[in-house]
Amino acid sequence: MPFTAKSGKFSASINTLTMGTGEKAIVLGGENVFPFYTFDAPIANAPKVGIEITDGGLEAEPDCVKKYYEGCTTVADMAKKAATFEGVDFLSLHLEGGDPNGENKPTEDLIKIVKEVADAVDLPIVISGCKNVEKDAEIFAKASEVLDGRNAVMLAAKEENYKNVGASAGLAYKQVVGAESADDINLAKQLNVLLTQLGVDAKSIVMNVGTAAAGYGYEYVVSTMDRIKAAALQQGDATLQMPIITPVATETWGIKESVATEEDMPEWGDQEARGIDMEVETAAADLASGSNAVILKHPESVATIAKMIKALI
Amino acid sequence: MALKGLDIFKLSPKKNCKECGSPTCMAFSMKVAQGAVSIDACPYFSEDAKAAMSEATAPPMKTIKVGAGEQEMTLGGETVLFRHEKTFVNKTRYAVDICSCMDDATIDAKVAELKHVDYERIGERMYVEMIDVEFDPASGADRYAEVVKKVAGEGRVLILDCQDVDAAKAALEVCKETKPILNGANAQNYKEMNDLATAAGVVLGVHGADENELYDTLAALEKLGNKNLVFNACTSSVKAAFASAVQFRKAAIKDSNRTCGYPSIVNVSKLAKGDSHMQAALLSLFTVKYGSIVVAEKIGYAEALPLYGLRQNVFTDPQKPMKVEPGIYPINGGDENSICLTTVDFALTYFVVSGELERSGVPCNLIINDAGGLSVLTSWAAGKFSSSSIAKFFQEQDVEGKIKCRKLCIPGKVAVLKGELEAKMPGWEIIVAPREAVQLVKFLKDMQ
Ligand code: SF4
């Protein structure tokens, strides 16, 4: 008697969402099964992998990443180089230097970089904010303007600034609006509802429902994504059917497993391998839990995760 | 699968004697079905009826014991597919593979390498719990037994990855007391392997070229009376491995197909030979989705640090927050003259805060309060992280006797405690730290 599995295909599906334009445009979502459950139904749009660079340029990168960008002098140079790495589907420009509690770079300086990067590559672009809600509202408004027509992702609107970000990125310039909440299905849902009430098209929202490095409260990430996918697919909740994008690099490259040098922790061994594996293992868990896209930093991590996705789809 | 009240009633003594505390056997049966009372409350259920019931009410996934003595551990026994439904009960275990084709020096080096990873994280020992010993037909059964014997004393559960009956027999001879897994049954040899495994009293691992063959062999072994089994996820491709691990788990738990209800072994060493980062990704994937044992070529600190952290998170009880031991944690060589910072014992808070403090490079003392394992705001709201609780904790721990510095930073989220703390802890300068841990590095450096 052969093994017969009941199909786990649902009648509801995740929204499809296009990032970028032209030949390099990519599509997230569309599946009507749990992550990688291709045995239940085919998954037309494989999860996508983005590579992150920052406004800080080469200097801001971890040492082990620098060598991949040898010869680059500007952020735009790095963007061009990043676009050539194996497995890269899109580019994320993380404007961390805008943070008023950090470098507090003026918005104009950051937007200049956005423009240069956009001119340098034809990949889909994600603009990742600095986490300060006021500054981000300003950055996303200007970035949406200079990226007009690029169908870029603004990552992300939060409860505190969704009106501004929704209005500029979503309504005025028809960019993709990122909706960020912290590990709570109700908050994720609420923000989606608020954005759509504002007039933002539900089909051009992508969620960041929370992220953590493996070992750092990661159970909340898994359970939030599990529950969101169950609500979206099993219960057909249209307010949670947006695809999920998860910034991984910003979490994993700041923790001690990646930061501690070999001199600091001789028994831990090679620092680069630790950084990559932390990034890769976190990303694999994110994808298994329901991320439709992950943002990574190390080219080796990008290649590995792209290969894993390919093997699973 | 739970039994319905009516099914239980059919087996009941039907005396309606009320000794169980219920008015009728029917009422009692209903309560048993709901799990409100134990069947043992009725003295008259026959042993046969009880046996029939325990078979029918047995959990959908078997709990399998492997290893002996201190190394004994349990696999499987899960009742849900998602951790928010109920706690996952038996965490994924990890193994590194060696092969009888390797020379002694290589084996020694691999064993030393896997034993190098051994540390504690929030009260849990993190180490490679198992060694997978692959059989190499070219070097034969004697060499296999020799290698198995060599590693049997390393304090790890052995997986005898061997589908050759003679070699398996020879290997079991030298290690059966350690209760290894005889991972060698397939569609052709399962009868002989079953004899070997049952005679030695060890768990039998089952292989199949595809899901159907795997399922049929599991069913055939069950027919022979063996339910002390684990199954191998298919190794033909990553996709096939994932499909079999997920589908069998789903079939067992959702559809009560007990033949699928055994722990799984996923061999990522075979799925991604030579590609260490890919194996790292797959170790993680199969920890989240239904690997009971995952075998890799190598688990060093690079692979282990994220993996064991992930496992600890995924297998934690969703109702019970993870706690760290309250106490004084010196950081960056902090001593009695170093500044103090205090926060709660929620593990996540501790990890994030201590990580940032380490990054600052500033010597300090992190004083972790007993706050019931809740986050800063939650414990504050619950009255478990208040000026009185902090003051009391400092007294209990004799912080003033141990530390001379009288500067204490409190989390920005509970800035309201500053005044009360100054009143309750005379002599201390109370400093309000930032609201978010990421701002600590700048905060501490600025203060210096
Ligand atoms: S004690 Fe047993 S036999 Fe008596 S009423 Fe209860 S269930 Fe029925």
Side-chain angles (χ1 to χ4, degrees), chain A residues 1-6 8 34-39 101-102 131 212-224 226-227 230 252 254-257 259-260 265 267-270 273-285 287-289 300-301 303-305 307-308 311-313, chain B residues 82-84 116 121 211-212 214-216 219 237-239 242-243 246-248 250-251 254-255 257 259-260 271-272 275-278 280-285 287-289 300-303 305-310 312-316 318 322 347-348 351-352 354-355 358-359 434 438-439 442:
Chain A
M1 193 180 65
F3 170 66
T4 41
K6 286 198 187 146
F34 284 132
F36 299 120
Y37 286 19
T38 53
F39 39 81
N101 291 315
K131 299 274 166 214
Y216 287 79
Y218 195 82
E219 65 271 30
Y220 298 99
V221 178
V222 176
S223 285
T224 305
D226 280 348
R227 297 175 71 167
T252 67
I255 55 172
K256 64 172 179 280
E257 286 87 340
V259 170
M265 296 297 282
E267 71 272 25
W268 281 6
D270 185 49
R274 273 186 273 129
I276 296 172
D277 283 344
M278 180 54 88
E279 188 167 43
V280 157
E281 291 185 33
T282 302
L287 291 163
S289 306
E300 188 73 37
S301 311
T304 303
I305 290 300
K307 195 166 149 194
M308 183 192 87
L312 281 164
I313 292 291
Chain B
F82 298 103
R83 63 175 295 285
H84 63 264
H116 176 60
R121 188 181 204 268
E211 284 167 0
N212 292 330
L214 181 58
Y215 185 78
D216 286 344
S237 69
V238 170
K239 193 170 168 163
F242 186 73
V246 173
Q247 285 189 295
F248 271 47
K250 255 175 70 178
K254 259 188 87 190
D255 311 326
N257 184 343
T259 302
C260 294
L271 292 170
D275 187 343
S276 76
H277 296 312
M278 185 63 159
L282 295 177
L283 278 162
S284 167
L285 177 77
T287 298
V288 177
K289 285 283 160 92
Y301 270 96
E303 292 85 1
L305 292 168
L307 187 64
Y308 288 107
L310 175 74
Q312 193 168 46
N313 287 165
V314 170
F315 286 85
T316 188
M322 278 205 295
L348 179 55
F351 272 112
V352 174
S354 64
E358 278 170 19
R359 231 154 55 87
V438 281
Q439 295 154 357
K442 187 167 184 286

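Convention: sequence-line order gives letters A, B, ...; per-chain numbering from 1.
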| field | Atom of B:Lys250, atom of A:Gly8 and distance for their closest heavy-atom approach | value | NZ-CA, 3.7 Å

| For A:Lys307, which residues count as a salt bridge (Lys or Arg N to Asp or Glu O under 4.0 Å) partner, sequence neighbours excluded? | B:Asp275

| request: Measure the shortest side-chain to side-chain distance between A:Phe36 and B:Val246 over non-hydrogen atoms and say whether it is less than 4.5 angstrom. | output: no

| note | Hits for ring pair (Phe, Tyr, Trp, His ring centres under 6.0 Å) against B:Tyr308, two or more places apart or cross-chain, chain-then-number order -> B:Tyr94

| Checking heavy atoms, do the side chain of B:Leu348, its backbone, both or neither come under 4.5 Å from chain A? | side chain

| field | Sub-4.5 Å side-chain heavy-atom contact between A:Lys256 and B:Arg359 | value | no

| said: When you compare the side chain of B:Tyr301 with that of A:Met265, does any pair of heavy atoms fall below 4.5 Å? | reply: no

| task | Enter the distance from B:Ser284:OG to A:Ile305:CD1 here, rounded to the nearest 0.5 Å. | result | 7.5 Å

| task | Keeping the roles fixed (side chain from B:Arg121, backbone from A:Gly215), state whether a donor-acceptor pair exists under 3.5 Å. | result | yes

| task | Answer with side chain, backbone, both or neither: which region of B:Leu307 has an atom nearer than 4.5 Å to a non-hydrogen atom of chain A? | result | both

| request: Can you see which heavy atom on B:His277 is nearest to which on A:Glu300, and at what distance? | output: CD2-CG, 3.5 Å

| note | Most heavy-atom pairs under 4.5 Å with chain A, out of B:Gly355, B:Pro434, B:Ala243, belong to B:Ala243

| B:Lys239 versus A:Thr38: any side-chain heavy-atom pair under 4.5 Å? | yes

| request: With a 4.5 angstrom heavy-atom cut-off, could you sort out which part of B:Glu211 is near chain A: side chain, backbone, both or neither? | output: both

| task | Grab the two heavy atoms, one from A:Glu281 and one from B:Glu303, that are nearest each other, plus how far apart they are. | result | OE2-O, 2.9 Å

| Do B:Val288 and A:Ser289 touch side chain to side chain, with heavy atoms closer than 4.5 Å? | yes

| message | Shorter than 4.5 Å, heavy atoms on both sides: which option in B:Gln312, B:Lys254, B:Glu358 has the most such pairs with chain A? | response | B:Glu358

| With no hydrogens and no angle check, is any side-chain donor or acceptor of B:Arg83 less than 3.5 Å from a backbone partner on A:Glu219? | yes

| Residue, of A:Gly275, A:Ala303, A:Ala311, that accumulates the most heavy atom pairs under 4.5 Å with chain B | A:Ala311

| field | Contact check, side chains of B:Val314 and A:Val222, non-hydrogen atoms, under 4.5 Å | value | yes

| query | chain A: which of B:Leu285, B:Thr287, B:Leu305 shares the most heavy-atom pairs with it under 4.5 Å? | reply | B:Leu305

| message | So, taking the atom named OG1 in B:Thr316 and the one named OH in A:Tyr218, what distance separates them when rounded to the nearest 0.5 Å? | response | 15.5 Å

| field | Side chain proximity check, A:Asn101 to B:Lys442, heavy atoms < 4.5 angstrom | value | no

| remark: To the nearest 0.5 Å, atom CG of B:Asp216 lies from atom CZ of A:Phe3 at 11.0 Å

